S.K.: 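The structure under discussion is supplied below as structure tokens; questions concerning it will follow.
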Amino acid sequence: MGSIRALRGTRDILPDEAAYWQWVEGEARQQFARSAYREIRTPIFEETGLFARGIGEATDVVGKEMYSFTDRGDRSITLRPENTAGVVRAYIENKLAGQGGVQRLWYTGPMFRYERPQGGRQRQFHQLGAEVLGSKDPRADAEVIAIAQDLLKSIGLTNLTMDLNSVGDKADRAAYREALVAYLTPYKDELDADSQDRLTRNPLRILDSKNERTQEIVVDAPNLQDHLSPESKAFFDQVRQALTDLDISYQLNPRLVRGLDYYTHTAFEIQSSDLGAQATVCGGGRYDGLIEQLGGPATPAVGWAMGMERLMILLKELREAPVAEMDFYVVSRGDAAQAQALKIAQSLRRQGFGAELDLSGSAFGKQFKRADRSGAVACIILGDSEAENHSLQLKWLKSGQQEERQQDSFLQSADALRQQIDQARST
RNA sequence: GCGAGCGUGGCCAAGUGGUUAAGGCAGUGGAUUGUGAUUCCACCAUUCGCGGGUUCAAGUCCCGUCGUUCGCCCCA
């Protein structure tokens, strides 16, 4: 009755799960650092027009999935549904092109789409993404794909496959679109309802339809590859060769058409067979026209985004949650001892040790139980007699060995303690 | 936005119209105001997502609503 709950399609990431997130983010950070990608953080909301112009008015994302509202200054604002548009806006606005050369960027953070929630699909979800701006070299496509592949591999995911396609440049697509509509129009009445609608709005997406009859019709449709210019074809061949050189396997999927309008040339999707309907773990491609379209200098670019929640679903099947390491668990009982325990715990922390202080004041037996479960290497025990002598009991939890130490000298023996802890942990 | 399934304590879960809603895990207190296991005892849902209805009687049936899961759609 009346209790406030998280909104539909949103959820809390509790500490046990956050451990997974931090681990994945750490792996990503390392990969990106090694590859000279630098992190960029852009606002979570932007002017609505950025997404309408960038992603495309005809797309479902813009047409029916955006969280848009009018703010108190009467501006139309939208919670970002993806981050490529925002990164490009920042690139233009901050004149990153003026820094010369290629900008390699990565980001992570929440995105928002008003969709029906399902496993692996939420209204607030999180993406990890990479963008390379300023290179039309096919090696940029290969590099960015290789980083995605290596990251997925380093976090241990298996059963992944990659689909690859080229959607050509603007002119290629326009020509192909015309040919496709010409082919499909006579079949219009046989297409499923969604595809009929898309025939005028976004015909390339019909290729993706899961409807059986539509699929039968599409089998004999003109092939996108046949409508690529010689230059587009040559570029795609170079990307494919580069991937082969890197031992990255993929399958050509001439029907892979991504749902955001800005893609040109390379398009790819990495899917897992362990995810059900929301199988795409990573998707991306080249977007050579977007920066100019948003008012910047004509600049070629490639990038991708991964769905963090989908990674987590897979990861939880594969491994236990990473456990934080703790050095000391501090147990105490009695007023004087409890006061000293607080000071000792904080003093240890100031020297760089991990120390968890038991605040319960309950029987020693209970506190030891918690010490055992905390995963700490050693336990520090303070009772009435220790408080009186300014001493403490140091107990190594694995071996059960216990020794009495003077508090002052104990706190001044950091180097020796560090060694003892490392040794105890490794046995 | 469309179609279908599900909803009992922090977690797992029995219960299919009849008096007080099993059990397990976890938790808290104690047996044992100073030592981790095991054991034992006690406590831990005026209530079965929420609201309404049918009935002498509803966790069990009906309607609505919210949430969730699966598929479509879309995408990461």
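Predicted, not measured: the structure shown is a model, and the values here were computed from it. Worth knowing before you read on, the calculation uses all heavy atoms, side chains too, and leaves out hydrogens, waters and symmetry mates.
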S.K.: For the P atoms, the ones on B:U20 and on B:U60, what distance do you get once it is rounded to whole angstrom?
M.R.: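 Nearest-Å result for B:U20 against B:U60 at atom P: 16 Å.
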
S.K.: For atom C1', what is the distance between B:A22 and B:U32, given to the nearest Å?
M.R.: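 Comparing C1' positions in B:A22 and B:U32 gives a spacing of 32 Å.
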
S.K.: If you assign A:L7 and A:V257 each to the RNA chain B nucleotide with the nearest heavy atom, which residue ends up on the more 5' nucleotide?
M.R.: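 Its nearest nucleotide lies further toward 5', so the answer is A:L7.
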
S.K.: Of the options B:A26, B:G36, B:U68, whose atoms approach the side-chain atoms of A:K369 most closely?
M.R.: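 It is B:G36.
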
S.K.: Taking A:A387's backbone N and O only, do any of them form a donor-acceptor pair with A:Q340's side chain (distance below 3.5 Å, no angle check)?
M.R.: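 Yes; judged by distance alone, with no hydrogens or angles, the pair exists.
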
S.K.: Should the side chain of A:S362 and the base of B:G29 be counted as holding a donor-acceptor pair, with the cut-off at 3.5 Å?
M.R.: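 When only heavy-atom distances are counted, A:S362 does not reach the base of B:G29 through any donor-acceptor pair under 3.5 Å.
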
S.K.: Can you confirm if the aromatic rings of A:Y37 and A:W106 lie within a centre distance of less than 6.0 Å?
M.R.: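 Centroid distance A:W106-A:Y37: not below 6.0 Å, so no.
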
S.K.: Taking the side chain of A:Q393 as heavy atoms from C-beta outward, which of B:G36, B:U68, B:U35 is closest to it?
M.R.: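 The listed nucleotide nearest to A:Q393's side chain is B:U35.
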
S.K.: What's the CD-P distance between A:Q338 and B:G34, to the nearest Å?
M.R.: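 Computing the A:Q338:CD to B:G34:P distance gives 13 Å.
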
S.K.: A:R116 has an atom CZ; how far is it from atom C1' of B:A4, in whole Å?
M.R.: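 In whole Å, B:A4 C1' and A:R116 CZ are 10 Å from each other.
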
S.K.: Which part of the nucleic acid, if any, lies within reach of A:E82 when heavy atoms closer than 4.0 Å are counted: base, sugar-phosphate only, or nothing?
M.R.: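 No contact.
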
S.K.: Pick base, sugar-phosphate or nothing for A:G63, based on heavy-atom distances below 4.0 Å to the nucleic acid.
M.R.: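 It contacts nothing in the nucleic acid.
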
S.K.: Has the side chain of A:N94 got a donor or acceptor atom that lies under 3.5 Å from a matching backbone atom of A:L96?
M.R.: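 Checked: no pair found.
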
S.K.: Strictly by Watson-Crick or wobble contacts shorter than 3.5 Å, is anything paired with B:U47, and which nucleotide is it?
M.R.: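 Base partner found: none.
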
S.K.: Under a 3.5 Å cut-off for both contacts, is B:G59 paired Watson-Crick or G-U wobble with anything, and if yes, with which nucleotide?
M.R.: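 Pairing partner: none.
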
S.K.: If we take the P atom in both B:G3 and B:C12, what is their distance in whole Å?
M.R.: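 29 Å, rounded to whole Å.
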
S.K.: Of the nucleotides B:C2, B:U33, B:C72, which has the atom closest to the A:R333 side chain?
M.R.: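 Of B:C2, B:U33, B:C72, B:U33 is nearest to the side chain of A:R333.
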
S.K.: I need the CG-P distance between A:D194 and B:G3, as an integer number of Å.
M.R.: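 After rounding, the gap between these two atoms is 14 Å.
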
S.K.: Distance check, P atoms only: B:A4 and B:C62, in whole angstrom units.
M.R.: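 The answer is 15 Å between these two P atoms.
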
S.K.: So for A:K64 and B:G1, does any side-chain atom that can act as donor or acceptor lie under 3.5 Å from a complementary atom in the base?
M.R.: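 Between B:G1 and A:K64, which were checked side chain against base, a qualifying N/O pair under 3.5 Å is absent.
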
S.K.: Return the nucleotide paired to B:G3: Watson-Crick means purine N1 to pyrimidine N3 with N6-O4 or O6-N4, wobble means G-U with N1-O2 and O6-N3, both under 3.5 Å.
M.R.: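 Because both required distances fall under 3.5 Å, B:G3 counts as paired with B:C70.
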
S.K.: In this structure, how many angstroms lie between the P atom of B:A76 and the CG atom of A:D274, rounded?
M.R.: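 From A:D274 CG to B:A76 P: 20 Å.
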
S.K.: So, under a plain 3.5 Å distance rule, would you say the side chain of A:K366 forms a donor-acceptor pair with the base of B:U28?
M.R.: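 Answer is no: no donor-acceptor pair is held.
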
S.K.: Pairing check on B:G17: which nucleotide meets the Watson-Crick or G-U wobble criteria with it, both distances under 3.5 Å?
M.R.: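 Answer to the pairing question: none, since B:G17 forms no Watson-Crick or G-U pair.
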
S.K.: In whole angstrom, what separates A:R8's CZ from B:U65's C1'?
M.R.: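 Value for this atom pair: 12 Å.
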
S.K.: Does the side chain of A:T214 pick up a donor-acceptor pair with the side chain of A:D192 at under 3.5 Å?
M.R.: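 A:T214 vs A:D192: donor-acceptor pair found between side chains.
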
S.K.: Classify the nucleic acid contact of A:G119 as base, sugar-phosphate or nothing, counting any heavy atom under 4.0 Å across all strands shown.
M.R.: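 A:G119: backbone/sugar contact only, no base atoms under 4.0 Å.
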
S.K.: Check every strand shown and say whether A:G120 touches a base, only sugar-phosphate, or nothing at a heavy-atom separation below 4.0 Å.
M.R.: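 Base, at least one base atom sits under 4.0 Å.
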
S.K.: What contact category does A:S385 fall into here, base, sugar-phosphate, or nothing, at under 4.0 angstrom with non-hydrogen atoms?
M.R.: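 The answer is base, as A:S385 lies within the cut-off (heavy atoms under 4.0 Å) of a base atom.
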
S.K.: Would you indicate, yes or no, if B:G36 has its OP1 or OP2 atom less than 4.0 angstrom from a side-chain nitrogen or oxygen of A:Q367?
M.R.: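 The answer is no; no side-chain N or O of A:Q367 sits under 4.0 Å from OP1 or OP2.
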
S.K.: Return no unless some side-chain N or O of A:R370 is found under 4.0 Å from OP1 or OP2 of B:U28.
M.R.: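 Checking A:R370 against B:U28: at least one side-chain N or O falls below 4.0 Å of OP1 or OP2.
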
S.K.: With a non-hydrogen cut-off below 4.0 angstrom, is A:G334 in contact with a base, only sugar-phosphate, or nothing?
M.R.: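 Here A:G334 touches no strand at all.
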
S.K.: Provide the distance between the two C1' atoms, one in B:U19 and one in B:G36, to the nearest whole Å.
M.R.: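 After rounding to an integer number of Å, I get 46 Å for this pair.
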
S.K.: Using the side-chain heavy atoms of A:L260, tell me which of these nucleotides is nearest: B:C72, B:C75, B:G36.
M.R.: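 It is B:C75.
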
S.K.: With a non-hydrogen cut-off below 4.0 angstrom, is A:E386 in contact with a base, only sugar-phosphate, or nothing?
M.R.: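 If one applies the 4.0 Å heavy-atom cut-off, A:E386 turns out to touch a base.
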
S.K.: I need the CD1-C1' distance between A:I380 and B:G36, as an integer number of Å.
M.R.: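 Between C1' of B:G36 and CD1 of A:I380: 16 Å.
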
S.K.: Looking across every strand, which nucleic acid part, if any, lies under 4.0 Å from A:Q118 by heavy atom: base, sugar-phosphate, or nothing?
M.R.: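 Since a base atom lies under 4.0 Å of A:Q118, the category is base.
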
S.K.: In whole angstrom, give me the gap between the C1' atoms of B:G18 and B:C61.
M.R.: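 These two C1' atoms come out 15 Å apart once rounded.
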
S.K.: Using atom types as modelled and distance alone, determine if a side-chain donor or acceptor of A:S413 lies under 3.5 Å from a backbone N or O of A:F410.
M.R.: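 Confirmed, A:S413 side chain pairs with A:F410 backbone.
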
S.K.: Pick base, sugar-phosphate or nothing for A:R205, based on heavy-atom distances below 4.0 Å to the nucleic acid.
M.R.: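 Result for A:R205 = sugar-phosphate.
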
S.K.: Roughly, in whole Å, what's the span from CG in A:D384 to P in B:U35?
M.R.: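 Roughly 14 Å, once rounded to whole Å.
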
S.K.: Which nucleotide, if any, forms a Watson-Crick or G-U wobble pair with B:G9, using both distances under 3.5 Å?
M.R.: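 WC or wobble partner does not exist here.
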
S.K.: When both hydrogen-bonding distances must be under 3.5 Å and the geometry is Watson-Crick or G-U wobble, what is B:G29 paired with, if anything?
M.R.: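 The base-pairing partner of B:G29, which may sit in any strand shown, is B:C41.
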
S.K.: Give a yes/no answer on whether the side chain of A:R113 brings an N or O atom under 4.0 Å of OP1 or OP2 in B:C75.
M.R.: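 It does not, given that no N or O in the side chain of A:R113 lies less than 4.0 Å from OP1 or OP2 of B:C75.
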
S.K.: Using the P atom in both, what is the distance from B:A58 to B:G52, to the nearest Å?
M.R.: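 One P to the other, the span is 14 Å.
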
S.K.: Would you mind telling me which residue lines up with the more 5' stretch of RNA chain B, A:R5 or A:E115, judged by nearest nucleotide?
M.R.: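 Closer to the 5' end of RNA chain B: A:R5.
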
S.K.: Looking only at the side chains, is there a donor atom on one of A:S391 and A:E404 sitting less than 3.5 Å from an acceptor on the other?
M.R.: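 Short answer, yes.
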
S.K.: Around atom CD of A:Q406, are there more than 12 heavy atoms of other residues, nucleotides or ligands at under 6.0 Å?
M.R.: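 Counting neighbours around CD of A:Q406, more than 12 heavy atoms of other residues, nucleotides or ligands fall under 6.0 Å, so yes.
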
S.K.: Please work out if A:L128 contacts a base, only the sugar-phosphate, or nothing of the nucleic acid, heavy-atom cut-off 4.0 Å.
M.R.: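 The answer is nothing, as A:L128 stays clear of every strand by at least 4.0 Å.
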
S.K.: Any donor-acceptor pair under 3.5 Å linking the side-chain atoms of A:Q122 with those of A:R11?
M.R.: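 Yes, A:Q122 and A:R11 have a side-chain donor paired with an acceptor closer than 3.5 Å.
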
S.K.: Looking at every strand, decide which applies to A:A305 at a 4.0 Å heavy-atom threshold: base, sugar-phosphate, or nothing.
M.R.: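 Sugar-phosphate, backbone atoms only, no base.
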
S.K.: Taking the six-membered ring for Trp, are the ring centroids of A:F353 and A:F328 within less than 6.0 Å of each other?
M.R.: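 When the ring centroids of A:F353 and A:F328 are compared, they turn out to be within the sub-6.0 Å range.
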
S.K.: Identify which nucleotide among B:A4, B:C73, B:A26 has an atom closest to any side-chain atom of A:D60, counting heavy atoms from C-beta outward.
M.R.: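 For A:D60, the side-chain atoms sit closest to B:C73.
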
S.K.: Go through B:G71, B:G34, B:A76 for me and flag the one nearest to the A:R310 side chain.
M.R.: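 Given the options B:G71, B:G34, B:A76, the side chain of A:R310 is closest to B:A76.
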
S.K.: How many Å lie between CD on A:E269 and C1' on B:C75, as a whole number?
M.R.: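 Between C1' of B:C75 and CD of A:E269: 8 Å.
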
S.K.: Say you pick atom C1' in B:G30 and the same atom in B:G10; how far apart are they, in whole Å?
M.R.: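 Those two atoms are separated by 23 Å.
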
S.K.: What distance do A:F268 atom CZ and A:T280 atom OG1 have between them, rounded to the nearest 0.5 Å?
M.R.: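 Separation between the atoms: 11.0 Å.
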
S.K.: Go through B:U68, B:U35, B:G36 for me and flag the one nearest to the A:D372 side chain.
M.R.: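 From the listed options, B:G36 comes nearest.
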
S.K.: Looking only at the side chain of A:A277 (C-beta and beyond, no hydrogens), which of the listed nucleotides B:G1, B:G67, B:C72 gets closest?
M.R.: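 Comparing B:G1, B:G67, B:C72 against the side chain of A:A277, the answer is B:C72.
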
S.K.: Is the ring of A:F364 stacked on the base of B:U35, with centres less than 5.5 Å apart and planes under 30° off?
M.R.: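 Stacking between A:F364 and B:U35: absent.
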
